[in-house]
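Everything below concerns the one structure shown next.
Lettering follows sequence order; numbering is per chain, from 1.
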Amino acid sequence: MNDTNQELKFFWVVALRPEANALIQKFNLKSFSNHLNFPIYINRKNGHALVISGVGSIKSAVATMYLNNTFKPGQFVAWINIGIAGHFQGPVGTLFQAIKVVNNDNGKSFFPGLRFSKLAEPAELCTVSSPENEFTLPVLYDMEAAGFCEIAPSLSCNELTFVMKIVSDTSEHSQSLVTKKMIADLFKKNSSIIDNLLQAIVKIVDRERARLEDSIEMDGIMGSLHFTETNRLRFRKIYKKWWCLFPNESLVDRAQKASSAKDLMQSMELDIASEAQSWKLK
Amino acid sequence: MIETVFVESQIIDHPITERVLSRLPNADVLNINRYQEMFNKRQQNFRLQKEKPALILAKKHDNFVLPAPPGFGMGSQKNFYFSHMYNCIYDCRYCFLQGMYSSANYLLFVNFEDFFRSISETIQNNAGSSLTFFSGYDCDSLAFEKITTFAEHTLRFFKRHPEVEFELRTKSVNIKPLLDLEPISNCVVAFSLSPESVADVLDKKAPRVKRRIRAIKELTKSGWFIGLRLDPLIFCENWRGLYSELIEDIMTDLEIRNLHSVSFGPLRYPKKMYNTIAALYPEEKLFAFPMQTTGQLVSYGPEIENEMANYIQDELKKYLGTDRIFQCLI
Ligand code: SF4
């Protein structure tokens, strides 16, 4: 993984500039690039990156991919699609976590994210290709989430893909009344809920990172000795086992003295084998 | 416990669905078309999902009863298994379900009636052979009983079929539904057990071994036939002492005549499954052991397997005859 991107943990995909502005302000994001009509903002210190996709499912999918290609983060970051949405009932201002997303065009469904029903109300969401005013079903309506869900789980995993929507319009409160100021207010109103969700999400991100990421020592050794691609994979596996048994020991000295990567791996395997007869499960 | 239930629209009115939902009044309930759209999705993270599994209620359409793999069974001519549920509320670290399904959500098939119809057909089609049916291969048969009432339904069904044997495999100590019934002579309640200190590390969320042993003794006292499943055998420091102690703890004061069978089996995985599970829990010492890979199978290797099998067998023979001791080799 690219060193400079290690601190990015949250990858936001939003459709509208006013939605983005609320987050840019909240997380003190700075402009990173503005190509292909997908402006990107980041703050490496607090780990946030954001892309503005524009309206529509396809744009949301492409922007998600674009943000991923720009930073190539690991499989342990959170992807979050947040924005305003219509709801059959409301009330306006409620933040929902969409735990089922249906693409109205093709009927395909997605079940994104670990569910945080104690922090945000769960709901079903229907992604439509033109603005919805009828609200015929008891669900949320948006125009992006299905496209986002088509891509994001493959970049990280389904459980780290989140869709959050704030109700901006209902059958009683028409979409035409939604203004930039109102969007800013809706985000402000839900600021602490968003913070709570992020606190829960970052715990999972950190755990997954610890599980999946190569350690600095592992990286260093792979940089200092010559490993074939196959040996690299083998080393990762052996290293994880070795580290599990000897968490307080370092391999650096041994790696420096080893005549080859193969030598080093053999000595690690011997260490592991020597523990076998008195194997401790804890 | 369960915060979210997804229900296939076609079984929303099924009596078992209604019962399950009535047991989970605070859960959010969402409709789905077919369970596969959720359960079989790729890119799911089993480990994360296991922290907060949802319950999926669905209808099973085929393959209700399947032949058990060769090497599985306690002496019947033919062995079958059926799975009304995929995944388990416990979280045993060695459990093969972790590598079998991409989802950790609980999938419950509510159309028990179709399972029973299919079991009846299997019995008819195999008249003249001794048959055993196993439940608890893809889940724990009893752990979810308060919500599903599956065991109760199934035991009543097999009571009407004394010509075949039924084994209900569990680690649950929720034996009240069994104690409320008259013991059924062709039904065996089989408990999976490991030494206490091994289970304390590996049988996460499952009842402690002491409680399981207590439940076993209570059931035998009330007349139920019990099976002991020392499976998988876990190799660790002082394993001989630990297994001897476990066997002694179980056998002391046990109504031995109600002990139907004891089986034991090695820790083995298909290679791909082992790699999947080991990658889910790289910090787990169980998967740091220098396992042997032979063809597509990962195991402790024949030396350890045989040593453990011989030892366990000898220990068991101190308490019961070889006709009730079985080695399971799948
Ligand atoms: S009780 Fe059985 S099915 Fe459940 S987690 Fe443990 S090994 Fe798996």
If you compare all heavy atoms of Q97(A) against all heavy atoms of L114(A), which two are closest, and at what distance to 0.1 Å?
NE2-O, 2.9 Å
Residue among W239(B), Y281(B), F6(B) with most heavy-atom pairs under 4.5 Å to chain A:
F6(B)
For E275(A), which atoms come within 4.5 Å of any heavy atom of chain B: side chain, backbone, both, or neither?
neither
For Y311(B) together with Y243(B), are the ring centres under 6.0 Å from each other?
no
Go through E284(B), E51(B), K41(B), E237(B) and name the one with the most non-hydrogen pairs under 4.5 angstrom from chain A.
E237(B)
Between Q44(B), E283(B), Q49(B), R47(B), which residue shows the highest count of heavy-atom pairs closer than 4.5 Å to chain A?
Q49(B)
Structural part of P122(A) lying under 4.5 Å from a heavy atom of chain B:
side chain
Side-chain donor-acceptor pair under 3.5 Å between E315(B) and S244(B), yes or no?
yes
Among A273(A), S109(A), P247(A), the residue with the most heavy-atom pairs under 4.5 Å to chain B is S109(A)
Between F46(B) and Y101(B), is the gap from one ring center to the other below 6.0 Å?
no
At a heavy-atom separation under 4.5 Å, does K108(A) approach chain B through its side chain, its backbone, both, or neither?
neither
What residue in L286(B), N238(B), I304(B), L48(B) has the most heavy-atom pairs under 4.5 Å with chain A?
L48(B)
Report the residue from Y35(B), F109(B), Y106(B) that forms a ring pair (Phe, Tyr, Trp, His ring centres under 6.0 Å) with Y86(B).
F109(B)
For D142(A) and T127(A), which I'm curious about, is there any donor-acceptor pair between the side chains at under 3.5 Å?
yes
Choice from I99(A), I272(A), N158(A), L281(A) maximising heavy atom contacts with chain B below 4.5 Å
L281(A)
What residue in L202(B), L30(B), I234(B) has the most heavy-atom pairs under 4.5 Å with chain A?
L30(B)
Please classify the contact of F116(A) with chain B as side chain, backbone, both or neither, using a heavy-atom distance under 4.5 Å.
both
